[in-house]
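Take a look at the structure below.
Predicted model, so just to flag it, every value in this text is computed and none were measured. The first residue of the sequence shown is numbered 1, and numbering continues consecutively from there.
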Amino acid sequence: MSQPSGDGLPGASRDAARAAKSRLASSLAGDRRVNGVGVVRWAVGTSVAAYGVRVGVVAEDDAPEVPAEVDGVPVRVDVVGRITAS
C-alpha cells in the first residue's frame, strides 16, 4: 500500500519495505561503495506511518546506481561516508 509520507515522499507498509530491503540488499551485496541498507519510517500525519528503504553510501560522486523504488517501495540514498570500527 503506497501513501505519501510527511515530507512528500511516497511510502509503503513495513512488510513491503522489509521485502524491498532484502531484494535491494542482495543486489548491492559486496559493493564497497555501500555502507548499509535499511528500512526507514516516514511519519504521515500524527497517527499513520509509511516506510521506505534507505541506502547509505560512502560518497555521492562514486555512488552505485540505485533505483528510486523497488516493488513500489521508495528508496532514499544518503551519503554517510566511510564507516570504520572505533
First locate atom CZ of Arg54, then atom CG of Asn35, and finally report the distance between them rounded to the nearest 0.5 Å.
8.5 Å

Derivation of the side chain to side chain contact (heavy atoms under 4.5 Å, CB included) call for Leu28 and Val55:
CA-CA 9 Å; Leu28 295 172; Val55 178; 4.0 Å; yes

How close do Gly52 and Ala17 get, counting heavy atoms only, and between which atoms?
O-CB, 4.0 Å

Test: salt bridge (charged side-chain N to carboxylate O under 4.0 Å, His left out). Region: residues 22-31. Which pairs qualify, not counting sequence neighbours?
Arg23-Asp71, Asp31-Arg33

Under 4.5 Å between side-chain heavy atoms, counting indirect links through other Ile/Leu/Val/Met/Phe/Trp/Tyr residues: same cluster for Val39 and Val75 or not?
no

Any chain of hydrophobic side-chain contacts (each under 4.5 Å) joining Val79 to Val58?
no

Could you tell me which non-hydrogen atom of Arg82 sits nearest to which non-hydrogen atom of Arg32, and how far apart they are?
NH1-O, 4.0 Å

Taking all heavy atoms of Ala12 and all of Ala16, pick out the closest pair and write down the distance.
CB-CB, 4.1 Å

In terms of hydrophobic clusters joined by side-chain contacts under 4.5 Å, are Leu24 and Tyr51 together?
no

Using side chain to side chain contact (heavy atoms under 4.5 Å, CB included) as the criterion, point out the one residue from Val40, Val66, Val73 that pairs with Val53.
Val73

